[in-house]
Amino acid sequence: MLQRIQSIYLIGAIICSGILPFFFPLWFDENGFPFYFQGDLPISILFGFGTLLAILAVGSYNKRQHQFVLNRMNIILNIILLLLFVLYAPKLSGDPFVSKKGIGLVLPLLSIVFLALANIAIQKDEKLVKSSGRLR
């Protein structure tokens, strides 16, 4: 159900983890060539799992608790991806002879923001359903 706000947020997370990494490089190497996420297997796997979890969460719109758990798992996965980028950060120090950082390093952070907003909207829906159940 795309009319629910959490579905829109989840589509934003899908775009951040599944589409934008193809267009924005993670960093530039010492020769100035862009390095995309496909060049490293763990990064590719984590971006792929993040996209898959967000797609599964959009598909489980009628199971709010399941959707909430999938979003939490996806947030943890994106935090692991950010930690992996931090591990690569010593290679990206800012020295003029070492590579420059790209905007792709921010994509997991944007995905976390979208997933957190989706979880807030899911909690609001759950609260609304529980309160309407008391009126019966």
Side-chain angles (χ1 to χ4, degrees):
M1 298 197 55
L2 291 178
Q3 67 263 26
R4 295 171 56 205
I5 190 69
Q6 58 262 36
S7 297
I8 303 299
Y9 290 142
L10 288 171
I11 289 173
I14 291 170
I15 290 170
C16 284
S17 64
I19 296 172
L20 292 181
F22 286 103
F23 299 108
F24 294 116
L26 298 176
W27 56 77
F28 296 90
D29 63 5
E30 59 274 352
N31 298 326
F33 294 113
F35 180 82
Y36 291 94
F37 77 101
Q38 302 99 329
D40 194 49
L41 186 63
I43 293 174
S44 299
I45 290 171
L46 290 175
F47 270 122
F49 279 147
T51 305
L52 181 68
L53 283 175
I55 290 171
L56 288 174
V58 168
S60 63
Y61 60 88
N62 53 354
K63 302 174 191 169
R64 286 177 299 280
Q65 290 301 322
H66 183 66
Q67 195 175 34
F68 188 80
V69 170
L70 286 174
N71 286 346
R72 286 267 174 110
M73 289 174 28
N74 202 349
I75 288 172
I76 291 169
L77 188 77
N78 279 305
I79 289 172
I80 292 170
L81 188 59
L82 282 173
L83 291 175
L84 190 63
F85 288 158
V86 169
L87 287 176
Y88 286 140
K91 293 189 239 177
L92 306 170
S93 66
D95 187 16
F97 300 110
V98 183
S99 61
K100 298 176 189 168
K101 296 170 186 75
I103 190 128
L105 293 175
V106 182
L107 293 177
L109 189 61
L110 287 174
S111 183
I112 289 172
V113 169
F114 279 123
L115 291 167
L117 289 172
N119 275 350
I120 291 170
I122 290 168
Q123 285 178 337
K124 282 184 182 178
D125 272 0
E126 191 66 29
K127 192 183 225 183
L128 181 67
V129 168
K130 285 183 181 179
S131 70
S132 67
R134 281 186 234 141
L135 294 176
R136 292 183 195 182

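For this chain, numbers begin at 1 and follow the sequence in order. All of these numbers come straight from a predicted model, not from anything done at the bench.
The stretch residues 109-119 participates, sequence neighbours left out, in no salt bridge (charged side-chain N to carboxylate O under 4.0 Å, His left out) pair at all. The list of salt bridge (charged side-chain N to carboxylate O under 4.0 Å, His left out) pairs with a residue in residues 54-64, not counting sequence neighbours, reads Arg64-Glu126. Applying the salt bridge (charged side-chain N to carboxylate O under 4.0 Å, His left out) test to pairs two or more places apart or on separate chains, none has a residue in residues 42-58.
Rounding to the nearest 0.5 Å places CD1 of Ile15 at 7.0 Å from CG of Leu20. With rounding to the nearest 0.5 angstrom, the CD atom of Gln65 is 8.5 Å from the CD atom of Gln123. Within the model, atoms CD1 of Ile79 and CG of Asn74 stand 10.5 Å from one another, a figure rounded to the nearest 0.5 Å. For the atom pair Leu70 CG and Ile75 CD1, the distance stands at 11.5 Å (nearest 0.5 Å). Remark: Phe85 CZ to Leu87 CG distance equals 11.0 Å, nearest 0.5 Å.
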- Would you please test Ile5 and Lys124 for side chain to side chain contact (heavy atoms under 4.5 Å, CB included) and show each step? CA-CA 11 Å; Ile5 190 69; Lys124 282 184 182 178; over 6 Å; no
In a table with atom names and distances, give each donor-acceptor pair under 3.5 Å that connects a side chain of residues 104-121 to protein atoms at least two apart or in another chain.
residue	atom	partner	partner atom	Å
Ser111	OG	Asn78	ND2	3.3
Asn119	OD1	Asn71	ND2	3.0

For residues 43-54, tabulate all N or O donor-acceptor pairs below 3.5 Å that involve a side-chain atom, not counting sequence neighbours.
residue	atom	partner	partner atom	Å
Ser44	OG	Phe37	O	2.8
Ser44	OG	Asp40	O	2.9
Thr51	OG1	Ser17	O	3.0
Thr51	OG1	Ser17	OG	3.2
Thr51	OG1	Gly18	N	3.3
Thr51	OG1	Phe47	O	2.9

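Under the 4.5 Å side-chain heavy-atom criterion for ILVMFWY residues, no single connected hydrophobic cluster contains both Tyr36 and Leu84. Phe23 and Ile11 fall within a single hydrophobic cluster, where Ile, Leu, Val, Met, Phe, Trp and Tyr are joined by side-chain heavy atoms under 4.5 Å apart, directly or via other members.
The other members of the hydrophobic cluster of Phe68, by chain and number, are Ile122 (side-chain heavy atoms under 4.5 Å, ILVMFWY only).
Nearest heavy-atom pair across Gln67 and Ala57 is NE2-O, 2.8 Å.
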